[in-house]
Number of protein chains: 2
Amino acid sequence: MEQDAPRKTLPRLDESLLTHLPPFSRLERRQIRTILNQASSRRYAPGSHIFDEGESAERFFMLLDGYVRVVRVTSTGEQVTALHIPSGQLLGIAKALGRDTYPATAVTATESIALSWPTRLWDTFVADYDGFATETYKTLGHRVGEMNNRIVEMATQQVEQRVANALLRLVNQTGRKVEGGIEIDFPITRQDLSELTATTLHTASRLLSGWEKLGLVESKRKRIKVCDPHALVMLSQGR
Amino acid sequence: MEQDAPRKTLPRLDESLLTHLPPFSRLERRQIRTILNQASSRRYAPGSHIFDEGESAERFFMLLDGYVRVVRVTSTGEQVTALHIPSGQLLGIAKALGRDTYPATAVTATESIALSWPTRLWDTFVADYDGFATETYKTLGHRVGEMNNRIVEMATQQVEQRVANALLRLVNQTGRKVEGGIEIDFPITRQDLSELTATTLHTASRLLSGWEKLGLVESKRKRIKVCDPHALVMLSQGR
DNA sequence: ACCGCATATTGCGCTGGAGCAACGTTTCGG
DNA sequence: CCGAAACGTTGCTCCAGCGCAATATGCGGT
């Protein structure tokens with residue numbers, strides 16, 4: 001499935017790629033040039049693994065384009081999606097948590113492009129680049145917050161509310177305005193949605209069908225558009 | 001309920017309190033003295049709140065003695081326990097995640113003693129004390145890992161397995177060897193256990209009763225002793 | 001144009017475990 | 001020492017949602 005496409009340092013990565021991304025936004029052109037010169041760039045086909053849980057964390061990544069799902073697989077083969085990462089964020093930052101292996105698997109949801117650096121540069125980045133650590137820990141804090149919320153959700157809410165919540169979160173984070181509503185910006189199956197909400201694809205499908213009849217959402221294959229976010233918010237709070 | 005007992009800088013905190021704790025273990029006596037001089041010490045009765053979710057994070061803490069439960073409360077008043085923290089660990093380290101409010105509530109499970117410092121000293125600690133940041137992020141990484149595992153558990157396992165897992169985790173982290181088994185070192189009710197495993201106290205009670213009949217555990221009020229850990233491991237893995 | 005596969009829908013039966021209720025037991029304050 | 005509150009147990013009922021199965025439909029490859 002994976003053919004390890006060779007990483008290449010593209011002839012000339014433009015500084016503007018990074019200048020507006022939080023971890024690098026306080027840096028000067030010169031510093032960004034240095035950073036880019038150390039980076040490898042690579043394109044990933046949809047569904048490919050950027051790294052796998054348990055692997056030793058050789059590199060850390062900056063997602064420049066696309067979407068990535070952070071997934072964990074149980075011993076019995078079930079998948080649980082922990083998180084979605086949109087472009088502009090770091091991933092695989094095991095080092096920031098004092099780990100030397102990746103804690104989860106990163107799978108691309110769409111075609112994606114990511115820069116990466118050898119993990120050994122991490123400490124240099126933290127030490128040399130003002131704001132890098134701070135911003136990194138901010139996104140980390142954000143992710144921890146999300147995980148926390150999911151735990152609370154799963155512990156206290158019904159399936160219907162969880163699915164509604166998940167949909168809203170996806171729309172907020174990765175929504176693209178289209179006519180008649182907001183569409184989730186990457187292909188997502190009922191199965192994906194069920195792995196995100198700890199239910200079965202059957203139940204997810206039934207819920208979506210129901211909501212579609214009520215005009216809350218519209219969905220084609222692998223595409224979900226939310227037409228009435230407010231109604232979903234109601235649902236997500238149990239009426 | 002809380003009468004804000006005055007924090008006092010105890011006459012003479014002994015350096016040996018901190019020398020063996022990871023975040024401080026690489027420091028010299030002189031540095032530890034400085035750190036202690038800036039600390040406030042306080043005793044907490046069981047069940048008291050060290051800080052509450054959403055409060056602005058004025059201070060960070062080192063738990064010297066006791067156990068703390070990290071809890072989140074939903075809008076409908078249900079409690080979900082995210083984590084147990086044993087003595088020797090930092091808590092309330094919002095700053096490490098780039099936050100300026102506490103992400104959850106910390107409640108003491110036993111009588112506890114904690115040192116605390118104003119959050120404004122955080123950056124100083126990170127900058128001045130070798131190994132402080134590294135060790136902090138290690139425990140953070142560990143906690144994130146735990147949260148992750150709980151998500152996967154809750155998503156894929158049955159109640160029985162989750163409760164078995166929770167018990168094993170508690171025993172591993174805070175177990176005290178007693179005759180006939182290993183006992184959880186702090187008072188824990190069926191209700192607590194259910195909040196830890198996303199179930200009801202009824203179900204938790206039934207499970208414990210069942211296991212007690214099989215000789216896997218023994219429990220008095222607020223006390224649980226695991227007699228046959230191996231059998232519990234079996235259960236926790238679905239037979 | 002065709003086949004084959006991945007994705008989606010829907011009906012139906014079954015059950016884990018929540019919800020409710022009633023009661024027993026230990027602890028603690030006064 | 002007594003009464004009340006906190007904690008624990010257990011029986012019964014009910015239903016959300018899982019598991020299974022059958023069918024439909026869009027999509028990519030040759």
Side-chain angles (χ1 to χ4, degrees), chain A residues 1 45-47 74 76-80 107 109-111 153-164 166-167 184 186-214 217-225 235 238-239, chain B residues 1 45-47 74 76-80 107 109-111 153-164 166-167 184 186-214 217-225 235 238-239:
Chain A
M1 192 186 235
T74 67
T76 59
E78 290 150 301
Q79 306 232 345
V80 179
V107 186
T110 59
E111 164 155 6
E153 263 181 39
M154 290 182 36
T156 62
Q157 302 190 325
Q158 307 273 92
V159 169
E160 184 179 44
Q161 306 175 39
R162 295 206 302 271
V163 176
L167 231 52
I184 294 170
F186 56 85
I188 181 166
T189 66
R190 310 294 189 256
Q191 174 78 36
D192 293 336
L193 195 56
S194 73
E195 285 171 6
L196 201 57
T197 50
T199 180
T200 59
L201 79 161
H202 309 274
T203 303
S205 177
R206 279 184 251 269
L207 285 172
L208 282 184
S209 298
W211 293 342
E212 183 135 23
K213 280 197 187 92
L214 297 174
V217 305
E218 273 173 47
S219 69
K220 332 181 213 314
R221 147 180 276 242
K222 286 196 178 194
R223 287 282 158 193
I224 301 177
K225 179 171 76 177
L235 275 182
R239 248 122 312 256
Chain B
M1 194 185 236
T74 67
T76 59
E78 289 150 301
Q79 305 231 347
V80 180
V107 186
T110 59
E111 164 155 7
E153 264 181 39
M154 289 181 38
T156 62
Q157 302 189 326
Q158 307 274 92
V159 169
E160 185 179 45
Q161 306 175 38
R162 295 207 300 270
V163 176
L167 232 52
I184 294 170
F186 56 84
I188 180 166
T189 67
R190 309 295 188 254
Q191 174 78 36
D192 294 336
L193 196 55
S194 72
E195 284 170 6
L196 201 57
T197 51
T199 180
T200 59
L201 78 161
H202 308 274
T203 302
S205 177
R206 278 184 252 270
L207 285 172
L208 282 183
S209 298
W211 293 342
E212 184 136 22
K213 279 194 189 97
L214 297 174
V217 305
E218 273 173 48
S219 68
K220 333 180 212 314
R221 156 179 268 241
K222 286 197 177 194
R223 288 281 159 195
I224 302 177
K225 179 172 75 178
L235 274 182
R239 247 123 313 257

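All chains are named by letter (A, B, ...) in the order of the sequence lines, taking the proteins before the strands, and each is independently numbered beginning at 1.
- Here the P atom of nucleotide D:dC7 and the CG atom of B:L193 are 14 Å apart, to the nearest Å.
- Rounded to 10 degrees, the angle separating the terminal helix axes of the helix from C:dA1-D:dT30 to C:dG30-D:dC1, each built from five base pairs, is 50°.
- Closest non-hydrogen pair, A:I184 versus A:R223, comes out as O-NH1, 3.3 Å.
- Taking only side-chain atoms of A:T200, from C-beta outward, the nucleotide of D:dG19, C:dA8, C:dA18 with the closest atom is D:dG19.
- Between the side chains of A:Q191 and A:T189, no donor-acceptor pair is found at a separation under 3.5 Å.
- Counting all heavy atoms, side chain and backbone alike, A:V80 lies closest to B:A155 at CG2-CB, 3.9 Å.
- Between A:P46 and A:A109 the shortest heavy-atom distance is CB-O, 4.1 Å.
- Contact record, A:M154 with A:R162: CA-CD, 3.7 Å, taken as the closest heavy-atom pair.
- At a cut-off of 3.5 angstrom, the base of C:dG16 holds no donor-acceptor pair with the side chain of B:R206.
- For the pair A:H202 NE2 and C:dG11 P, the computed distance is 14 Å after rounding to whole Å.
- Atom P of nucleotide C:dT9 and atom CD of A:E212 are separated by 7 Å, given to the nearest angstrom.
- Nearest heavy atoms, A:T197 versus A:L193: OG1-O, 2.8 Å.
- The shortest distance between the side-chain N/O atoms of B:K220 and the OP1/OP2 oxygens of C:dT26 is not below 4.0 Å.
- If you check D:dG8, C:dT7, D:dC18 against the side chain of A:R221, the one that comes closest is C:dT7.
- Atom CD of B:Q191 is separated from atom P of D:dT9 by 13 Å (rounded to the nearest Å).
- For the pair B:L207 CG and D:dT10 P, the computed distance is 12 Å after rounding to whole Å.
- Side-chain N/O atoms of A:S205 include one lying less than 4.0 angstrom from OP1 or OP2 on C:dT9.
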